[in-house]
Amino acid sequence: MTTPNSRQRLGRLLDVALLAWGASSAVALLANGINDVRQAPGWPRWLELTYLVGVLLAVPALLVAYWAKSRLKQLGAVLDDEQTAATHTRSMAAALVGVLCVQLPFFFHVEIASVAQAKFTVAAALVTYGAARLWLNRDA
Amino acid sequence: MSPTAAAHPLRNRIKVERARHNLTQEQLADLVGVTRKTINTVETGRFVPSTILALRLAKALHITVEELFYLADEQ
């Protein structure tokens, strides 16, 4: 039998899984980007380990988030409403600012390999979007 | 008063009415078909609800919208 408490727990699990997915994906992308910037053959062990931990956390976290979301839908929980839409819009605006900040080195003629720049850009978007959502939902 | 609350002149009596009806935020959210976070952010004045949501909240709490929501300078 499902209770409001079990739905609340599932909701929290979804939040945590999404946070874990975003953070670990960003870490994996950053590690990959840093390795690209090095422009040296092979990976330093600590960087490779960071990258692997990021990937190994991101994949199951995404699967858990997918499962929790579909389960919540089955239970008839409301996942999206006008407040979540407003939070999403404001977080997207914050993510855009984050992405623009990562492009700043380009304007100061700092050379960064474009393959690394792309990874840093996506990582910045994930981090600023997630941070903005956390901030906007800080007490909720 | 928080800077956010100061920016929005809309005040509400959701917390009082919830207590009067012995409802949790989760139960009220279920009644009006929104998330618990929405009830929380409306209640604390960080989110200004749409007219539709304001009407639904008032109906769920058995009072009028004007009784539930009011402007800060009308306090």
Side-chain angles (χ1 to χ4, degrees), chain A residues 1-23 61 64-95 97 128-140, chain B residues 1-61 63-66 68-72:
Chain A
M1 199 179 90
T2 58
T3 60
N5 273 350
S6 66
R7 236 168 49 176
Q8 210 173 333
R9 277 199 297 273
L10 262 178
R12 280 202 194 116
L13 179 67
L14 176 63
D15 287 345
V16 170
L18 283 175
L19 177 68
W21 171 74
V64 169
Y66 178 77
W67 173 81
K69 195 168 182 176
S70 22
R71 188 85 189 102
L72 278 167
K73 276 184 184 167
Q74 280 173 5
L75 297 176
V78 179
L79 295 172
D80 298 303
D81 59 14
E82 60 189 60
Q83 189 267 345
T84 47
T87 303
H88 172 71
T89 307
R90 292 172 74 188
S91 304
M92 286 295 278
V97 172
T128 43
Y129 180 86
R133 275 193 83 120
L134 280 176
W135 174 254
L136 294 170
N137 285 325
R138 58 193 178 280
D139 298 326
Chain B
M1 186 191 298
S2 71
T4 318
H8 296 295
L10 190 69
R11 301 280 186 274
N12 67 78
R13 296 187 178 89
I14 295 176
K15 197 172 183 176
V16 176
E17 292 302 321
R18 255 194 329 104
R20 208 161 64 84
H21 290 86
N22 207 16
L23 287 171
T24 64
Q25 288 186 345
E26 187 84 38
Q27 287 166 333
L28 181 58
D30 280 345
L31 280 176
V32 294
V34 296
T35 66
R36 188 197 56 78
K37 283 178 186 176
T38 298
I39 299 297
N40 181 282
T41 51
V42 172
E43 198 172 289
T44 52
R46 282 192 286 116
F47 177 65
V48 177
S50 67
T51 313
I52 293 172
L53 180 53
L55 285 163
R56 280 188 190 150
L57 283 167
K59 193 176 175 186
L61 295 167
I63 53 171
T64 63
V65 175
E66 289 87 347
L68 192 57
F69 294 96
Y70 57 96
L71 295 171

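Throughout, protein chains are lettered first and strands after them, A, B, ... in sequence-line order, and every chain is numbered starting at 1. When reading the values below, keep in mind they use all heavy atoms of this one structure, side chains included, and skip hydrogens, waters and symmetry mates.
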- Check side-chain hydrogen bond (donor to acceptor under 3.5 Å, both in side chains) between A:Q74 and all other residues, then give those that pass, not counting sequence neighbours. A:R71
- Could you list the residues that satisfy salt bridge (Lys or Arg N to Asp or Glu O under 4.0 Å) with B:E17, not counting sequence neighbours? B:R20
- Looking at A:D81 and B:V34, what are the two nearest heavy atoms and their distance? OD2-CB, 3.2 Å
- Of all the residues in residues 54-61 of chain B, which have a heavy atom that comes within less than 4.5 Å of a heavy atom in chain A? none
- Task: Mind checking the CG-CZ spacing from B:D30 to A:R7? Nearest 0.5 Å is all I need.
- Result: 4.0 Å
- Message: For a quick test of reading the model, state the closest non-hydrogen atom pair linking B:R46 to A:L136 and the distance between them.
- Response: NH1-O, 3.1 Å
- Query: Relative to chain A, which segment of B:T35 carries a heavy atom at a distance below 4.5 Å: side chain, backbone, both, or neither?
  - Reply: both
- Task: Using atom types as modelled and distance alone, determine if a side-chain donor or acceptor of A:E82 lies under 3.5 Å from a backbone N or O of B:S50.
- Result: yes
- Could you list the residues that satisfy salt bridge (Lys or Arg N to Asp or Glu O under 4.0 Å) with B:K37, not counting sequence neighbours? A:D15
- Query: If you round to the nearest 0.5 Å, how far is OG1 of B:T41 from CG of A:N137?
  - Reply: 7.5 Å
- Spatial distance of atom CZ (B:F47) from atom OG1 (A:T84) [nearest 0.5 Å]: 8.5 Å
- Which one of B:T38, B:L53, B:V42 has the most heavy-atom pairs closer than 4.5 Å to chain A? B:T38
